Every structure is written in C-alpha cells, then in structure tokens.
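Working notes for the structure below.
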Amino acid sequence: MTTEETTITPAIESEPFLTVQQHILQEQKRFPGASGEFSWLLSGITLATKLIQAKVRRAGLTDVLGAHGEVNVQGEVQQKLDVYANDMLDHCLSMRESIGVLASEENEHPIIINHTSPNAKYAVVFDPLDGSSNIDVNVSVGTTFSIVHRPFGEGTDDATSWVLQPGNRQVAAGYVIYGSSTMLVYSVGYGVHGFTLDPAVGAYLLSHENIRMPEQGSYYSVNEAYRDSFPSKYGEYLDHLRGGGLGRKYSSRYIGSMVADFHRTLLKGGIFLYPPTDDHPSGKLRLLYEANPIAFIAEQAGGQATTGQQRVLDVQPESIHQRTPLIVGSQVEMDTFKTMVCG
Ligand code: P6P
C-alpha cells in the first residue's frame, strides 16, 4: 500500500469501496512478476493530480489565473496553472525509481530521470493541463498520461527513443478530468475504470467500473467554426449525421477541452473530431500525450480512434510534440466515418 493513501474515515467504511491504489494492486496481479513498482508509479500520478485539482478548485482565489508570461514549446502562452501542474507531475514522478524518462507538453525535450539505471523500466508522457486556456472561465480541464515500457535493442540509450513508441505499445494510459467532480479514468489494458475523488477523504474511489462506450450516441463534437477548412468529406459526413443518416437525431456539443469532450463521448457515445484544418493541416492535438492515451482508453472501452488515415495507436511517432488529426468515438459513428471519409 502506498504511503500517500489517506486513512479512510469511518463515514465510508460501512460501504463497500475501492480506492484507486487498491484497484491498481489488483490489476497488477494480471502481470506475472510485476512488483509494486507499477502501482507506486501510478500513485505518483494520483498524488500529483490531487495537488493540481486543489489549485484548480481555488483558481479564482489565489494568484494562479491568467498567463505565466512564458511561451511553451508549442508556441502557446503558458498559463500559471500549466506551469504548476507540470511542476507537480515532474516532482511526484521523478521520485519513482522505475521511471527512466518523463516527457511533457510543456518541455521541449524529455526530462531524463535515470534512464541508465537497471531499475528504470518505464517512460511517462503527459499533458499536465489540457485545455488550460479554459481555466479562467471555469470550464473543465484535464491531465492526460501515457505509460510505455522501456524499449530494447539498438539505439535505446537516448531518452527520446523511450517515448517515440507507437500507441499500441502503451502499458497504461488515462486522464484526470477536473470537472464538476475530479475523476481519474485509466486502463492497464484490461478495461477502463473511473475513480471519483472524494474531497472529504482525499482518495480516488471506484465509481465507474468497467466503462463501456455505447455502440452509438447522439452527440457529435467538433469546432464547426473551422468547417470550411476541413477536407470536404468531413463536411459530407457531418451533414449525413445531422441529416438523420445514422437513424437518429444528433445534438452538437463542443467544450473546447479535449478531455471533457472525450469524457462525454466515452460515457454517452457519439463522436469527437479534430480534423485537419488550414491552420493545422496535420491536426492540432498531439499524438503522444493527447491522442494516444485517449485512443487507448477509447479502444479499451469498445470504441475506435483514427487519424483519418490510420488507427491512431499504429502511428509510429517521429517527434515528441508531433500533432495528429483525431477522430474518436462509438462503433456506429466511427464505422460510418471510415466508410465515408477514409474510403
Ligand atoms: P480549438 C485545448 O487548447 C486543446 O488543445 C484541446 O483540449 C481542445 O480539444 C482543442 O485544443 C480546442 O481547439 O481550435 O477548437 O479551440
């Protein structure tokens, strides 16, 4: 049991509950020979996100709103909470001896921990605070993470090779959504499970066991302001959807925070699209720490995720911050998308 686990108060001892740490230890038994190092690694993520959510929840009361003033590797103005979230994940994960390499949206190069150590087995890639521009207007934001095993063989000494692995090599992935409640959603390859943070005890408690994405939803999610710059087949697909082509009426929902838009798609079904646009011909979202974890969760829950050209999880990354189009959602909407758009 990790030391971060808060003592459970009597108030909930009377009810059956499972903390994320207990769940991880259970899941870990699926991996023969796995020691507690994996659960210790994931507890670094849960601790960091508890620290992040505490700041997010009080953003209007403390001097963490607004821009930090620096511009990150993406050319985006860093929000103060971006920097804080990045620092918390770096601090909490750097202490995990099983982590050899960390890479973050906020850092141009991988943060090398101890990738030459024989104990270092994993690389963790994360976006510390996705959607951070929404914080000032109290819209849900999120943290995304992806975990891969260290590569073996030629040229695996440099830290970058640890993270430039296709999404189908992920051993675990997930996100935390700081919404009306704070919820951790993760998978180690055996289904998707959701844990809601109980602020009264400071523990993530199992609230959504074995999440399955509905076969079909009734929401589509895309920034229609860019519709004229999408490839034409995307517009035809959206018209088909809106015209009742899938046998039901659809509503449009677009929060502008990927984690929140995907979380609704995961629970309610439907489709989320960030297509190629004039401004982002290769898509805006980042492959390693946005599209890959989302695609892993989607497929584990019975959904699909494509770049419009191929399965997201099969893309061989060329650079840490490379971008990709992302189309992710339920079987019915995705099968139709692939027929109409991917050809
Ligand atoms: P647009 C947030 O900045 C983000 O990276 C994702 O969370 C979100 O899905 C997307 O950008 C929104 O981009 O161009 O629609 O404002």
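As the structure is a prediction and not an experimental result, all values here were calculated from the model. Counting convention: from 1, in listed order, for ligands and their atoms alike. All values below were derived from every heavy atom in this structure, side-chain atoms included, with hydrogens, water molecules and symmetry-related copies excluded.
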Report yes if Tyr226 has an N/O atom closer than 3.5 Å to an N/O atom of ligand 1; otherwise report no.
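Right, the criterion is met.
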When you compare ligand 1 with Val259, is there at least one nitrogen or oxygen pair between them that comes in under 3.5 angstrom?
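No; every N/O pair is 3.5 Å or more apart.
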Under 4.0 Å from a heavy atom of [X]: which atoms of ligand 1 are those, numbered in the order shown and with their elements?
X: Tyr274; value: 1 (P), 13 (O), 14 (O), 15 (O)
X: Tyr254; value: 1 (P), 12 (C), 13 (O), 15 (O)
X: Asn223; value: 1 (P), 15 (O)

Below 4.0 Å, non-hydrogen atoms only: which portion of His280 touches ligand 1? Side chain, backbone, both or neither.
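Under 4.0 Å from ligand 1, His280 contributes no heavy atoms.
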Quickly, which of Tyr204, Tyr175, Tyr178 forms a side chain to side chain donor-acceptor pair (under 3.5 Å) with Thr49? Name it, please.
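Testing Thr49 for a side chain to side chain donor-acceptor pair (under 3.5 Å) against Tyr204, Tyr175, Tyr178 leaves exactly one candidate, Tyr204.
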Using a 3.5 Å distance criterion without hydrogens, assess whether the side chain of Thr306 forms a donor-acceptor pair with backbone atoms of Gln310.
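Yes; judged by distance alone, with no hydrogens or angles, the pair exists.
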Between Asn134 (side chain) and Gly131 (backbone), is there a donor-acceptor pair under 3.5 Å?
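Between the backbone of Gly131 and the side chain of Asn134 there is a qualifying donor-acceptor contact (under 3.5 Å).
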Could you tell me whether the side chains of Glu290 and Thr144 share a donor-acceptor contact shorter than 3.5 Å?
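Their side chains do not contain a donor-acceptor pair, so the 3.5 Å distance test is not met.
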I'd like to know if Asp261 contacts ligand 1, where contact means a heavy-atom distance under 4.0 Å to any ligand atom.
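Not so, Asp261 does not reach ligand 1.
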Answer with yes or no whether Arg323 contacts ligand 1, where contact means a heavy atom under 4.0 Å from a ligand atom.
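Contact absent.
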Are any non-hydrogen side-chain atoms of Val185 and Leu266 less than 4.5 angstrom apart?
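Heavy-atom side-chain distance check passes, below 4.5 Å.
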My understanding is that we take every heavy atom of each candidate and find the minimum distance to atom 3 (O) of ligand 1. Doing that for Glu224, Met258, Arg286, Lys284, which one comes out nearest?
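Selected option, by shortest heavy-atom distance: Lys284.
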Contact list for residues 322-343, test ring pair (Phe, Tyr, Trp, His ring centres under 6.0 Å), sequence neighbours left out:
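Residue pairs with at least one partner in residues 322-343: Tyr234-Phe337, Tyr237-Phe337.
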More than 12 non-hydrogen atoms from neighbouring residues, nucleotides or ligands closer than 6.0 Å to CZ on Arg248, yes or no?
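More than 12 heavy atoms, drawn from other residues, nucleotides or ligands, come within 6.0 Å of this atom.
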